[in-house]
Amino acid sequence: MTASDSFAAFLRDQLAPLGRVTMRRMFGKTGVFCDGVMLGMVTEDTFYVRVDEHNRATFKEAESAPPLNYEKKGSTIDLAFWRVPERLIDEPDELVLWARAALAAARRVAAKRQRAAPRRKPKPRPS
């Protein structure tokens, strides 16, 4: 389930201090992007943020809720997105801090993927 229009507008407004925040539907959910990097996802108007080994301690409070997941071939696959505590919806400054930490994690993941991507050999030029 994707984000409602009102929740998407609310998040864009709250996360504006981070940069250009955009959203797009993907996999039946809504991806939350800042300057082209996906920092979070929304499903059923619930905001999840990117977590990695560097920011896991920051999000300790979110550990009590299950991560965003999906079913595949009869098993549950957990994603690296943790649910933001509901109290943060009324705490815009703290919400931005969490989103900033998630954005840093998303940038680390993106950088790691770029380094791991196989390099293509240049095509030979005709003589």
Side-chain angles (χ1 to χ4, degrees):
M1 171 85 51
T2 60
S4 67
D5 291 341
S6 61
F7 191 74
F10 168 79
L11 269 183
R12 274 193 296 273
D13 188 46
Q14 294 298 306
L15 302 179
L18 298 176
R20 190 174 69 85
V21 176
T22 57
M23 297 187 191
R24 72 171 185 251
R25 291 179 181 192
M26 46 193 314
F27 314 116
K29 298 168 181 38
T30 302
V32 181
F33 297 80
C34 180
D35 299 326
V37 178
M38 189 167 80
L39 70 101
M41 295 190 87
V42 176
T43 183
E44 298 178 14
D45 286 350
T46 301
F47 185 37
Y48 293 80
V49 291
R50 167 70 75 179
V51 178
D52 70 0
E53 64 274 3
H54 297 285
N55 70 355
R56 196 165 267 119
T58 303
F59 300 139
K60 197 73 174 157
E61 178 183 351
E63 244 180 358
S64 61
L68 190 59
N69 57 51
Y70 66 95
E71 295 292 320
K72 183 176 181 180
K73 297 182 181 179
S75 61
T76 301
I77 309 296
D78 288 339
L79 300 175
F81 292 91
W82 287 6
R83 182 180 179 166
V84 169
E86 285 187 38
R87 69 176 186 77
L88 293 184
I89 299 305
D90 296 325
E91 298 289 338
D93 293 337
E94 194 173 353
L95 179 62
V96 168
L97 290 175
W98 279 55
R100 198 175 307 278
L103 181 57
R107 287 181 175 145
R108 286 188 294 270
V109 168
K112 187 183 287 187
R113 285 185 181 151
Q114 282 181 335
R115 287 191 305 268
R119 299 203 179 251
R120 294 185 190 173
K121 292 182 182 179
K123 292 182 180 181
R125 292 183 166 204
S127 301

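Computed from a predicted structure; not experimentally measured.
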Any idea which heavy atoms bring [X] and [Y] closest together, and the distance?
X: Arg107; Y: Val37; result: N-CG1, 3.9 Å
X: Met38; Y: Ala106; result: O-CB, 3.1 Å
X: Thr58; Y: Trp98; result: O-CZ2, 4.1 Å
X: Gly40; Y: Phe81; result: CA-CE2, 3.8 Å
X: Leu68; Y: Thr43; result: CD1-CG2, 3.6 Å
X: Ala16; Y: Val21; result: N-CG2, 4.4 Å

- Query: For Arg50, does its backbone N or O pair with a side-chain atom of Asn55 as donor and acceptor, under 3.5 Å?
  - Reply: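 Between the backbone of Arg50 and the side chain of Asn55 there is a qualifying donor-acceptor contact (under 3.5 Å).
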- Message: Determine whether a donor-acceptor pair (N or O, by modelled atom type, separation under 3.5 Å) exists between the side chain of Thr30 and the backbone of Ala3.
- Response: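 Between the backbone of Ala3 and the side chain of Thr30 there is a qualifying donor-acceptor contact (under 3.5 Å).
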I'd like to know if [Y] and [X] are part of one continuous hydrophobic network [Ile/Leu/Val/Met/Phe/Trp/Tyr, side-chain heavy atoms within less than 4.5 Å].
X: Phe33; Y: Val84; value: no
X: Leu97; Y: Phe59; value: no
X: Met23; Y: Tyr48; value: no
X: Val109; Y: Leu79; value: no
X: Val49; Y: Val96; value: yes

Quick one: pull up [atom1] in [X] and [atom2] in [Y] and give me the separation to the nearest 0.5 Å.
X: Ile89; Y: Leu11; atom1: CD1; atom2: CG; value: 6.5 Å
X: Glu91; Y: Gln14; atom1: CD; atom2: CD; value: 10.5 Å
X: Leu103; Y: Asp35; atom1: CG; atom2: CG; value: 7.5 Å
X: Lys60; Y: Trp82; atom1: NZ; atom2: CH2; value: 7.0 Å

Is it the case that atom [atom1] in [X] sees more than 12 heavy atoms from other parts of the structure closer than 6.0 Å?
X: Glu86; atom1: CD; value: no
X: Arg12; atom1: CZ; value: yes
X: Arg87; atom1: CZ; value: yes

- Message: Are Phe47 and Leu15 packed together at the side-chain level, in the sense that at least one heavy-atom pair is separated by less than 4.5 angstrom?
- Response: yes
